[in-house]
Amino acid sequence: TLKNFIFLLSVLFISIMTALAFSENKVALIRWLFWLYFLLTLASIITALLFPKIVIQSGQGGVARWMGITQHANELGAQELVSIWLSSNLFFLSKSKFEKLIILFAISAAFYAILKADSMTSFITALVITSYVCYCYLFWGLNLSIKLILYAASLLGFLVIVTFYMSASELATTTLEST
């Protein structure tokens with residue numbers, strides 16, 4: 001408990017200092033946080049591949065769940081969720097094609113880690129966040145008829161996921177957890 005308290009307190013102070021240092025330049029803040037979370041993602045994946053007995057836990061029914069360099073698989077899912085949120089925003093803010101390529105790799109790696117962590121709450125939330133960020137940057141200024149078509153397509157995709165992937169009770173539980 002003491003170790004976790006010290007770790008979380010350190011993270012809190014680092015976060016506050018970073019936010020204060022980049023308060024005038026939000027793109028730089030997102031870029032620095034992106035790189036930190038990208039390195040955490042890579043560290044979690046590499047650690048899970050090299051030391052599976054240490055960082056992979058058996059869950060319910062003997063299902064193996066990655067926890068990476070965190071203490072629980074759901075923490076890895078939450079870490080990757082933040083990584084996807086930062087990556088999605090930075091993708092639209094960046095002007096470098098090379099950086100955009102790295103960002104797409106980071107998003108893929110984060111989704112891979114979420115799936116290996118078997119954190120469906122983080123997976124669904126990551127899909128929602130990615131969709132919302134894309135909507136804000138790409139479709140915010142479109143006219144109403146195009147927005148209605150996009151909403152209908154999103155609803156149809158959601159129904160396909162619900163029909164073939166989750167039951168109604170799982171969907172309600174996951175939605176409440178995500179909220």
Side-chain angles (χ1 to χ4, degrees), residues 11 14-52 54-56 64-70 72-143 146-147 149-158 160-161 164-165 174 178:
V11 169
I14 290 170
S15 301
I16 291 170
M17 298 307 285
T18 305
L20 290 174
F22 291 104
S23 64
E24 297 299 321
N25 190 353
K26 290 175 181 54
V27 175
L29 173 64
I30 291 172
R31 183 170 280 118
W32 274 103
L33 289 174
F34 161 76
W35 283 105
L36 289 173
Y37 273 90
F38 180 51
L39 291 175
L40 284 172
T41 299
L42 290 179
S44 290
I45 291 172
I46 291 169
T47 305
L49 293 175
L50 294 179
F51 307 104
I54 298 172
V55 297
I56 296 178
R65 296 180 70 192
W66 284 18
M67 56 184 188
I69 58 174
T70 64
H72 193 273
N74 290 339
E75 288 179 22
L76 178 63
Q79 172 186 307
E80 300 311 323
L81 177 64
V82 173
S83 179
I84 289 170
W85 174 70
L86 290 166
S87 301
S88 300
N89 278 292
L90 188 58
F91 181 81
F92 291 106
L93 297 172
S94 176
K95 292 178 178 27
S96 168
K97 291 191 185 288
F98 182 68
E99 189 176 40
K100 286 186 179 200
L101 187 63
I102 291 172
I103 292 167
L104 290 175
F105 176 73
I107 291 172
S108 301
F111 271 113
Y112 176 73
I114 285 176
L115 290 174
K116 287 298 194 174
D118 196 31
S119 179
M120 288 301 115
T121 304
S122 296
F123 181 73
I124 290 173
T125 308
L127 288 176
V128 169
I129 284 175
T130 305
S131 301
Y132 184 70
V133 168
C134 290
Y135 171 78
C136 287
Y137 283 105
L138 297 175
F139 306 117
W140 191 261
L142 295 178
N143 63 21
I146 294 176
K147 284 183 182 180
I149 292 171
L150 288 172
Y151 291 143
S154 298
L155 181 63
L156 200 61
F158 179 73
V160 167
I161 289 172
F164 294 108
Y165 185 69
T174 303
S178 298

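Keep in mind the model is a prediction, meaning the values are calculated, not measured. Each residue takes its place number in the sequence, starting with 1. Below, each value reflects all heavy atoms present in this structure, side chains not excepted, and no hydrogens, waters or symmetry copies.
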Closest non-hydrogen atom pair between [X] and [Y], with its separation:
X: Leu76; Y: Ser44; answer: CD1-OG, 3.6 Å
X: Thr125; Y: Thr121; answer: OG1-O, 2.7 Å
X: Ile103; Y: Ser87; answer: CG2-O, 3.2 Å

For this session: Would you check, one step at a time, whether the test side chain to side chain contact (heavy atoms under 4.5 Å, CB included) holds for Val82 with Leu86?
Result: CA-CA 6 Å; Val82 173; Leu86 290 166; 3.9 Å; yes
For this session: Could you check Leu93 against Phe34 for side chain to side chain contact (heavy atoms under 4.5 Å, CB included), going step by step and ending with a plain yes or no?
Result: CA-CA 12 Å; Leu93 297 172; Phe34 161 76; over 6 Å; no
Exercise. Any donor-acceptor pair under 3.5 Å linking the side chain of Ser83 with the backbone of Gln79?
Worked result: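 Not at all, since once roles are kept as given, no pair shorter than 3.5 Å links the two residues.
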[Y] side chain reached by [X] side chain, heavy atoms, under 4.5 Å:
X: Met120; Y: Leu115; result: yes
X: Ile84; Y: Tyr37; result: no
X: Leu90; Y: Phe38; result: no
X: Trp85; Y: Leu33; result: no
X: Ile102; Y: Trp35; result: yes
X: Leu49; Y: Trp66; result: yes
X: Thr41; Y: Ile45; result: yes
X: Leu104; Y: Lys100; result: no

Exercise. Quick one: OH on Tyr137 to OG on Ser88, what's the gap to the nearest 0.5 Å?
Worked result: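 Between Tyr137 OH and Ser88 OG, I get 9.5 Å after rounding to 0.5 Å.
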Exercise. Can you tell me how far the OG atom of Ser94 sits from the CG atom of Asn89, to the nearest 0.5 Å?
Worked result: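 Spacing of OG (Ser94) from CG (Asn89) equals 12.0 Å.
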Problem set entry | Trace of the side chain to side chain contact (heavy atoms under 4.5 Å, CB included) decision for Leu42 with Phe105 | CA-CA 11 Å; Leu42 290 179; Phe105 176 73; 4.1 Å; yes
Exercise. With under 30° as parallel and over 60° as perpendicular, where do the rings of Tyr151 and Tyr135 fit, or are they tilted in between?
Worked result: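 Geometry flag for Tyr135 against Tyr151: tilted rings.
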